[in-house]
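Contents: one structure, followed by commentary.
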2 protein chains.
Amino acid sequence: MTSPKVDVFQAIADPTRRKLLRLIDDREMAVTAISGHFPISRTAVSKHLRILADAGLVKERKVGRETRYRFEPEPLLELKRWLAYFDRFWDNKLSVLQHYVESDGSASTPSPARLQASTDKEKKE
Amino acid sequence: MTSPKVDVFQAIADPTRRKLLRLIDDREMAVTAISGHFPISRTAVSKHLRILADAGLVKERKVGRETRYRFEPEPLLELKRWLAYFDRFWDNKLSVLQHYVESDGSASTPSPARLQASTDKEKKE
DNA sequence: ATTATATGAAACCTTTTGGTTTCATGTCAA
DNA sequence: TTGACATGAAACCAAAAGGTTTCATATAAT
């Protein structure tokens, strides 16, 4: 449910799992069909899918003798939220890159740009 | 420079490293000062900082006998780009969460909504 | 000059990760 | 009913990850 056994950051850390998500993001697929796209064993792919499922990023459905997986986007919102915290850093200097990234055309809301503190050693909680 | 020795996905997979970034994101800090915020050894913190540096997420600067680290946001753009690919999934059904996430007020540009499988189930909040 | 501080490298250890092969079981096709 | 297909569990393995302690070195302070 909302208490995933696997952290989404952990789940997407592996490049194979990222490819897995991209592969099935527009259609449900069975394990063998999926594993055909990877140079590792079907069993290994199956384990990756299990990890993704534990993170809530895919859902499995049994159909006859196969197990089909489909993509679930919801857990990515945690990532998005985490990333959103850093939005204030994408100011002038990185705006060009930012624009490239935000290819949907929505402009960024101007945020107070951060300044570099040189001598400040304050700590906070 | 643009060829990080450590993948950004890998770098942020560890919760300690994520906290590390949040700790120093507004000021430069020396290793010992940083490690005071964590229950692990200074050496362990130092290794995490090294990994973050290898991913380009922090930069180090030697000042006298200390090594100070500061946050470097740029590599997070790769993450942002990766996530942006999935923007089309955040349509109606997840728009509430999406709005919560995009707390800066910039509305998303309407994108072709992605349809889920026919057996689509209710999404828990 | 001597001592204290700040740090990284090294060696080492344990757990996790990503992979394999083998095997048992359930389901579909003849 | 017999055999092929689809899959996961198990046992196993090597390498990576995350941590520790110890030690050497550079810089600062007395």
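Sequence lines set the chain letters: A, B, ... in the order given, protein chains first and strands last, and positions in each chain run from 1.
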Using whole Å, what does the distance between atom [atom2] of nucleotide [N] and atom [atom1] of [X] come to?
| X | N | atom1 | atom2 | value |
| --- | --- | --- | --- | --- |
| Phe9(A) | dT16(C) | CZ | P | 21 Å |
| Ile12(A) | dG18(C) | CD1 | P | 13 Å |
| Lys62(B) | dT25(D) | NZ | P | 14 Å |
| Ile51(A) | dT16(C) | CD1 | P | 13 Å |
| Leu49(A) | dG19(C) | CG | C1' | 15 Å |
| Met29(B) | dA6(C) | CE | P | 13 Å |
| Ile40(A) | dA14(D) | CD1 | P | 19 Å |
| Tyr69(B) | dA6(C) | OH | P | 15 Å |

key: Pairwise distance CZ(Arg68(A)) to CE(Met29(A)) - rounded to 0.5 angstrom   = 11.0 Å
key: Side chains of Leu76(B) and Phe89(A) in contact at under 4.5 Å (non-hydrogen atoms)   = no
key: Ion pair Arg70(A)/Glu72(A), N-O distance below 4.0 Å   = yes
ask   = Can Lys80(B) and Asp87(A) be counted as an ion pair, charged N to O under 4.0 angstrom?
value =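 A salt bridge links Lys80(B) with Asp87(A).
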query = Using the ring of each side chain (for Trp, its six-membered ring), is Phe71(B) parallel, tilted or perpendicular to Phe86(A), with breaks at 30° and 60°?
reply =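 Phe71(B) vs Phe86(A) ring planes: tilted.
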Look for any protein N or O under 3.5 Å of an N or O in nucleotides 21-30 of chain C and output each such pair with its distance, or none.
none

Table please: side-chain donor-acceptor pairs of residues 42-53 of chain A below 3.5 Å, with sequence neighbours left out.
| from | atom 1 | to | atom 2 | distance (Å) |
| --- | --- | --- | --- | --- |
| His48(A) | ND1 | Arg17(A) | NH1 | 3.1 |

key: Neighbours of DNA chain C within residues 13-21 of chain B, by heavy-atom distance under 4.0 Å   =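 None, since no heavy atom is under 4.0 Å.
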Any [X] side-chain nitrogen or oxygen under 4.0 Å from OP1 or OP2 of [N]:
| X | N | answer |
| --- | --- | --- |
| Thr32(B) | dT7(C) | yes |
| His48(A) | dG19(C) | yes |
| Arg50(A) | dT7(D) | no |
| Gln10(B) | dA17(D) | yes |
| Ser46(A) | dG8(D) | yes |

task = Sequence neighbours left out, what passes salt bridge (charged side-chain N to carboxylate O under 4.0 Å, His left out) with Arg18(B)? Give chain and number order.
result =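 Per chain and number, Arg18(B) pairs via salt bridge (charged side-chain N to carboxylate O under 4.0 Å, His left out) with Asp7(A).
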key: Lys5(B): partners by salt bridge (charged side-chain N to carboxylate O under 4.0 Å, His left out), with sequence neighbours left out   = Asp54(B)
key: side chain to side chain contact (heavy atoms under 4.5 Å, CB included) partners of Lys19(A), counting only residues at least two apart   =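 Applying side chain to side chain contact (heavy atoms under 4.5 Å, CB included) to Lys19(A) gives Phe38(A).
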ask   = If you look at every heavy atom in Ala55(B) and Pro75(B), which pair is closest and at what distance?
value =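 Between these two residues, the closest heavy atoms are O-CG, 3.4 Å.
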request  = Just report the end-to-end axis angle for the helix from dA1(C)-dT30(D) to dA30(C)-dT1(D), five pairs per end, to 10 degrees.
outcome  = 20°
key: Pairs touching residues 12-35 of chain B that satisfy ring pair (Phe, Tyr, Trp, His ring centres under 6.0 Å), sequence neighbours left out   =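 Matches after skipping sequence neighbours: none remain.
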message = Classify Glu60(A) by what it touches in the nucleic acid, base, sugar-phosphate, or nothing, heavy-atom distance under 4.0 Å.
response =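 No contact.
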message = If the condition is side-chain hydrogen bond (donor to acceptor under 3.5 Å, both in side chains), which residues does Gln10(B) pass it with, not counting sequence neighbours?
response =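 With neighbours one apart ignored, the set is empty.
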